[in-house]
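Before any comments, here is the structure.
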Amino acid sequence: MKKDYMEACMNATRQRIIQVIMRKKEATSAEIGEELQDIPRASLYRHIKVLLDAEIITVVKEAFKRGSMEKTYAIATQMPYDDTNEEYNRMIQSALMGLQGEFHRYFNGEDPDPIRDLLTVGSASLMMNDEETMEFIKAYGELIQKYMPNKPAEGRKVRKVTFVISPNEY
């Protein structure tokens, strides 16, 4: 796996950029900026560069516009990691460590208040066959898609939702 892949993916701002590109299929930095108006332009360009360097997104078009090169981005068709158990394990461990770090920063930051911030954690062991599991994943994806188009507005905060399905037999 590319060293920077998981680090790039675990950042909340970059996740939002990825989601915009996924939803639109292709997007310029200006289009991404229109969707994510709460992110300063310089930060947006920096995060896009990190995603490019980690090969999570790719440039699919370039065109001159108002005297400068405008790039159109899409999600890379091939992820920069091998499809092996070792790589999956590394990705999962990296993701879990990233979450642990986020909670550590939250609880050691200014004025953490889990009730006010609606911090929620849950776990359920469900009896599902593979078909039911795929239906569950599809329904979860549809629920996430419902809220992905939300733009910054008063009272809205970026809220990270993490989803893991794991075997319960070990």
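By convention here, the first residue in the shown sequence is residue 1.
Leu36 and Tyr45 sit in two unconnected hydrophobic clusters of ILVMFWY residues. Membership requires side-chain heavy atoms under 4.5 Å apart, directly or through other members. Clustering ILVMFWY residues whenever any of their side-chain heavy atoms sit less than 4.5 angstrom apart, transitively, puts Val60 in a cluster other than the one holding Leu52. Val121 and Phe163 are not part of a single hydrophobic cluster, where members link through side-chain heavy atoms under 4.5 Å apart. In the hydrophobic clustering of this structure, Ile21 groups with Val59; members are Ile, Leu, Val, Met, Phe, Trp, Tyr whose side-chain heavy atoms approach within less than 4.5 Å, directly or through other members. Neither Ile144 nor Met22 shares a network with the other; the hydrophobic side chains, linked directly or stepwise wherever heavy atoms of I, L, V, M, F, W or Y lie under 4.5 Å apart, form separate groups for each.
The minimum heavy-atom distance between Pro114 and Tyr106, with the atom names listed, is N-OH, 3.2 Å. Pairing each heavy atom of Ala76 with each of Thr58, the nearest pair is CA-CG2, 4.1 Å. The two residues Ser29 and Ile48 have their closest heavy-atom pair at CB-CD1, 3.8 Å. Shortest non-hydrogen contact noted between Arg16 and Pro152 is NH2-CG, 4.2 Å.
Applying the salt bridge (charged side-chain N to carboxylate O under 4.0 Å, His left out) rule to Glu31 yields no partners; only residues at least two apart in sequence or on another chain are considered. By the side chain to side chain donor-acceptor pair (under 3.5 Å) test, Glu26 pairs with Lys61, sequence neighbours left out. Not counting sequence neighbours, the partners of Glu86 by the salt bridge (charged side-chain N to carboxylate O under 4.0 Å, His left out) test are Arg90. Under the salt bridge (charged side-chain N to carboxylate O under 4.0 Å, His left out) criterion, Glu142 pairs with Lys138, not counting sequence neighbours. For Arg14, the salt bridge (charged side-chain N to carboxylate O under 4.0 Å, His left out) criterion is met by no residue, not counting sequence neighbours. Shown here are the side chain to side chain donor-acceptor pair (under 3.5 Å) partners of Glu102, two or more places apart in sequence or in another chain: Lys160. For Lys24, the side chain to side chain donor-acceptor pair (under 3.5 Å) test picks out no residue, with sequence neighbours left out. Under the rule for a side chain to side chain donor-acceptor pair (under 3.5 Å), the partners of Asp111 that lie at least two apart in sequence or sit in another chain are Arg116.
Counting non-hydrogen atoms of other residues, nucleotides and ligands closer than 6.0 Å to OH of Tyr147 gives a total of 12 or fewer. Crowding of Gln100 atom CD: a count of heavy atoms from other residues, nucleotides or ligands under 6.0 Å not exceeding 12. The neighbour count for Phe103 CZ, taken as heavy atoms of other residues, nucleotides or ligands under 6.0 Å away, does not exceed 12. Counted within 6.0 Å of NZ on Lys157, heavy atoms from surrounding residues, nucleotides or ligands total more than 12; the atom is thus considered enclosed. A 6.0 Å sphere centred on CE of Met134 holds no more than 12 heavy atoms belonging to other residues, nucleotides or ligands.
Here CG of Leu44 is found 5.0 Å from CD1 of Ile17. Values are rounded to the nearest 0.5 Å. Distance OG1/Thr13 to NE2/His47: 4.0 Å, rounded to 0.5 Å.
Side-chain atoms of Gln37 come within 3.5 Å of backbone N or O of Glu34 as a donor-acceptor pair. Asp113 places a side-chain N or O within 3.5 Å of a backbone atom of Ile115 that can act as its donor or acceptor partner.
The stretch residues 40-51 participates, sequence neighbours left out, in these salt bridge (Lys or Arg N to Asp or Glu O under 4.0 Å) pairs: Lys49-Asp53. Residue pairs meeting the side chain to side chain donor-acceptor pair (under 3.5 Å) criterion with at least one member in residues 121-135, sequence neighbours excluded: Ser125-Asn168.
Side-chain contact between Arg23 and Pro149: present, with at least one pair of heavy atoms (C-beta onward) separated by less than 4.5 Å. Tyr73 places none of its side-chain heavy atoms less than 4.5 Å from the side chain of Leu51. Side-chain contact between Ile165 and Tyr140 is absent, with no heavy atoms from C-beta onward closer than 4.5 Å. Inter-residue side-chain proximity for Lys71 and Thr28 is flagged as unmet; no heavy-atom pair is nearer than 4.5 Å.
Residue Val164 belongs to no hydrophobic cluster, having no ILVMFWY side-chain heavy atom closer than 4.5 Å to its own. The hydrophobic cluster containing Met69, built from Ile/Leu/Val/Met/Phe/Trp/Tyr side-chain heavy atoms closer than 4.5 Å, also comprises Phe64.
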task = Please test Leu118 against Arg159 for side-chain contact (heavy atoms from CB on, under 4.5 Å), starting from the C-alpha separation and ending with a verdict.
result = CA-CA 9 Å; Leu118 301 175; Arg159 299 180 189 269; 4.0 Å; yes
